[in-house]
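Lettering of chains follows the sequences in order, A, B, ..., and the numbering in each one begins at 1.
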Amino acid sequence: RVSSDGKPPKFQPPPKPVIIDRKTQKEEKRFLSPEFIPPRGRTDPLKYYIERKDMIQRRKVFNIPEFYVGHVLAVTTADPYASDKSKRFVGICIQRGGNGLGATFVLRNVIEDQGVEICYELYSPRIQAIEVLKLEKRLDENLMYLRDALPEYSTFDVNMKPVPRMDHEEIPVNKLQVRMKPKPWSKRWERPKYNIKGIKFELPEHKMKAAQKWSQPWLEFDMLREYDTSKIEQKIRKELSEELEK
Amino acid sequence: MMPIWTKSGEKHAVTLLKVQDCHVLRYLSKEESGGKTAKLLVGGKNVSPFSRPESAHEIFKEAGVPRKQKVTTFNVTDDAIIKPGTPLYAAHFRPGQFVDVTAKTIGKGFQGVMKRWGFKGQPASHGQTKTHRRPGAISTNKAAKVYRGKKMPGKMGNIYRTSFGLKVWRINTKHDIIYVNGSVPGHTNCLVKVRDSKLPTYKDCNKNPPFPTFFADGDEELPEDLFDEEIFQFTDPSVTFA
């Protein structure tokens with residue numbers, strides 16, 4: 001190389017090879033159920049460890065499949081008052097809540113023009129089977145707005161056959177924009193606090209602008225609200241994989 | 001607090017209590033203590049010895065035990081006396097037993113009469129001048145005085161309270177944890193005193209408890225988890241009604 005000064009050119013070290021560890025990346029992308037991640041608080045981590053041991057015990061005996069909000073599930077529970085002693089309910093999962101053993105999920109369906117929502121506990125011993133009928137994620141993590149949407153978006157056939165899953169890698173995201181019933185709604189879904197992307201708002205422009213008055217743009221920069229779960233998740237994943245292999 | 005399910009599918013809420021470094025510190029006979037029964041001083045969680053004066057260390061030096069955060073007394077019959085210095089474990093209690101739990105409640109500071117005593121206050125509108133959360137009248141005309149113990153605003157919480165008759169559902173001998181039914185006074189990670197229940201309904205409840213206490217160096221080898229008969233254990237398959 002020709003240098004302008006007459007001195008030898010500056011030594012540039014060769015670029016460092018980037019090592020992509022595919023195994024750890026794959027492990028990180030694998031699904032970890034949200035109830036395993038402990039919430040932020042002053043509780044002793046021993047309590048979460050013992051709860052996790054119980055949860056793993058239950059998962060060894062009873063298979064709890066991987067599912068997200070937006071999947072269509074069929075749940076069979078034991079019921080002493082039913083004729084067959086068991087009840088089957090099909091519905092779309094609206095929200096997943098709770099931590100540890102008390103984790104719950106809400107299934108919604110419209111049966112004979114009546115909207116029905118049932119909240120089940122994942123680790124309750126009365127649940128006999130959970131089947132995932134249709135796998136699809138939605139744009140939001142909380143589909144409570146389906147209560148104010150047109151009933152066609154919440155109806156699912158009770159005798160639906162499970163849709164076969166194509167790949168073992170991706171779960172399709174349904175970018176459906178739901179149409180709503182006329183206002184008033186149970187919650188003001190157009191406000192930025194709910195951050196909903198799955199509704200087709202047919203409201204006039206000035207109303208959408210007025211709703212932006214309640215936006216709190218400083219919240220995403222608030223450092224006290226940060227809760228970095230990556231290291232906790234890694235530990236929990238390791239623990240889970242070790243225990244489930246036994 | 002955690003949920004627990006019975007074999008019939010009902011859910012109960014349960015509090016986890018950890019037995020952390022409990023040792024018997026001193027024995028006081030009936031005459032010494034001046035009560036109806038003999039007393040045993042028991043110390044709780046270990047704490048650094050540098051924050052208190054040397055004079056307070058005597059009890060702990062006698063028993064040969066590190067400094068404890070809390071020291072409580074238990075009334076004990078003469079045949080249940082334990083030598084000072086023995087450690088106490090969670091296996092002292094058995095599932096199916098009933099227990100009283102005492103602790104200092106969460107301190108709420110200086111509180112008004114509505115929160116502290118549950119008074120109804122006054123309406124928010126209809127002409128009320130500057131009076132919405134006040135106690136109103138404090139005595140009658142004839143009394144011409146305010147009685148002692150009148151409910152008034154003051155410091156609320158941070159006092160010892162007991163929940164009686166709590167069932168013990170499960171005991172973890174490896175980590176020394178007692179699973180006690182329902183809620184317990186105090187904030188998370190606070191020190192708590194657990195005692196056999198003195199309610200008359202549960203007087204004859206204990207079937208062969210470890211007497212005087214559970215000794216770890218004895219011959220008995222307990223399994224890691226002790227469950228009550230009615231608990232649904234997660235190793236069993238799901239509940240079905242026949």
Side-chain angles (χ1 to χ4, degrees), chain A residues 35-36 38-65 75-88 97-105 119-131 240 243-244 246, chain B residues 1-21 44-46 69 90 106-107 169-180 182-184 186-192 223-242:
Chain A
E35 72 263 6
F36 279 103
R40 213 158 65 138
R42 292 164 71 188
T43 339
D44 206 0
L46 178 68
K47 185 238 175 187
Y48 295 122
Y49 171 69
I50 286 182
E51 231 181 344
R52 250 178 283 140
K53 269 204 318 200
D54 275 341
M55 283 150 76
I56 293 170
Q57 249 325 311
R58 175 74 179 152
R59 278 185 183 242
K60 280 188 192 170
V61 176
F62 172 71
N63 172 42
I64 298 175
V75 174
T76 5
T77 36
D79 184 23
Y81 308 111
S83 48
D84 270 337
K85 303 296 174 196
S86 70
K87 261 199 294 208
R88 185 170 191 261
N99 296 301
L101 279 174
T104 53
F105 62 102
C119 177
Y120 290 105
E121 284 155 8
L122 273 178
Y123 294 95
S124 166
R126 278 212 236 169
I127 296 187
Q128 279 155 350
I130 305 182
E131 301 144 23
L240 265 183
E243 289 286 324
L244 286 171
K246 280 187 194 171
Chain B
M1 288 196 69
M2 246 173 44
I4 239 180
W5 285 274
T6 54
K7 290 200 167 134
S8 51
E10 287 153 8
K11 181 166 112 157
H12 296 273
V14 139
T15 317
L16 308 194
L17 305 174
K18 177 157 165 103
V19 177
Q20 202 167 5
D21 321 313
K45 187 167 135 177
N46 283 349
Q69 190 174 337
I106 299 179
W169 283 108
R170 178 176 161 182
I171 292 188
N172 187 321
T173 31
K174 188 175 163 199
H175 297 277
D176 277 333
I177 298 183
I178 310 175
Y179 290 58
V180 148
S183 61
V184 139
H187 55 89
T188 39
N189 303 336
C190 81
L191 284 176
V192 128
E224 192 188 321
D225 270 306
L226 290 164
F227 294 93
D228 186 42
E229 299 147 349
E230 284 171 48
I231 281 193
F232 169 78
Q233 303 189 24
F234 289 115
T235 40
D236 304 331
S238 307
V239 159
T240 38
F241 299 101

Chemist: Tell me whether B:K18 at atom NZ has more than 12 heavy atoms from other residues, nucleotides or ligands lying less than 6.0 Å away.
Modeler: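 Buried by this count: over 12 neighbours within 6.0 Å.
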Chemist: I'd like to know which of A:K60, A:K47, A:M55 tops the heavy-atom pair count under 4.5 Å against chain B.
Modeler: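 Heavy-atom pair counts peak at A:K47.
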Chemist: Minimum heavy-atom separation for B:W5 and A:P125, please, with both atom names.
Modeler: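 Heavy atoms of B:W5 and A:P125 come nearest at CG-CD, 3.2 Å.
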Chemist: Output, in order, the C-alpha distance, side-chain angles, deciding distance and verdict of salt bridge (charged side-chain N to carboxylate O under 4.0 Å, His left out) for B:R170 and A:D54.
Modeler: CA-CA 13 Å; B:R170 178 176 161 182; A:D54 275 341; 3.1 Å; yes
Chemist: When rounded to the nearest 0.5 angstrom, what is the spacing between CZ in A:R42 and NE2 in B:H187?
Modeler: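 Going from the CZ atom of A:R42 to the NE2 atom of B:H187 covers 7.5 Å.
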Chemist: Would A:Q128 and B:T240 count as a side chain to side chain contact (heavy atoms under 4.5 Å, CB included) here? Give the steps.
Modeler: CA-CA 8 Å; A:Q128 279 155 350; B:T240 38; 2.8 Å; yes
Chemist: Starting from the C-alpha separation in whole Å, work towards a yes-or-no answer on side chain to side chain contact (heavy atoms under 4.5 Å, CB included) for B:I177 and A:L46.
Modeler: CA-CA 10 Å; B:I177 298 183; A:L46 178 68; 4.1 Å; yes
Chemist: Is A:Y49 in contact with chain B via its backbone, its side chain, both, or neither, using a 4.5 Å heavy-atom distance?
Modeler: side chain
Chemist: Verify side chain to side chain contact (heavy atoms under 4.5 Å, CB included) between B:S8 and A:R126, making sure each step is shown before the conclusion.
Modeler: CA-CA 9 Å; B:S8 51; A:R126 278 212 236 169; over 6 Å; no
Chemist: Pick from B:N189, B:D236, B:D225: which one has the most heavy-atom pairs with chain A under 4.5 Å?
Modeler: B:N189
Chemist: Heavy atoms only, distances under 4.5 angstrom: which of A:G102, A:A78, A:P80, A:G100 has the most pairs with chain B? Name it, please.
Modeler: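 Heavy-atom pair counts peak at A:P80.
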Chemist: Assess the residue pair B:F234 and A:K53 against the criterion (side chain to side chain contact (heavy atoms under 4.5 Å, CB included)); give the C-alpha distance rounded to whole Å, side-chain angles, the decisive distance to 0.1 Å, and a yes or no.
Modeler: CA-CA 10 Å; B:F234 289 115; A:K53 269 204 318 200; over 6 Å; no
Chemist: Which value, rounded to the nearest 0.5 Å, describes the distance between A:I50 atom CD1 and B:N172 atom CG?
Modeler: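 Answer for the CD1-CG pair, A:I50 versus B:N172, is 5.0 Å.
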Chemist: Looking at every heavy atom in both A:I127 and B:S238, which two are closest together, and how far apart are they?
Modeler: O-OG, 3.1 Å
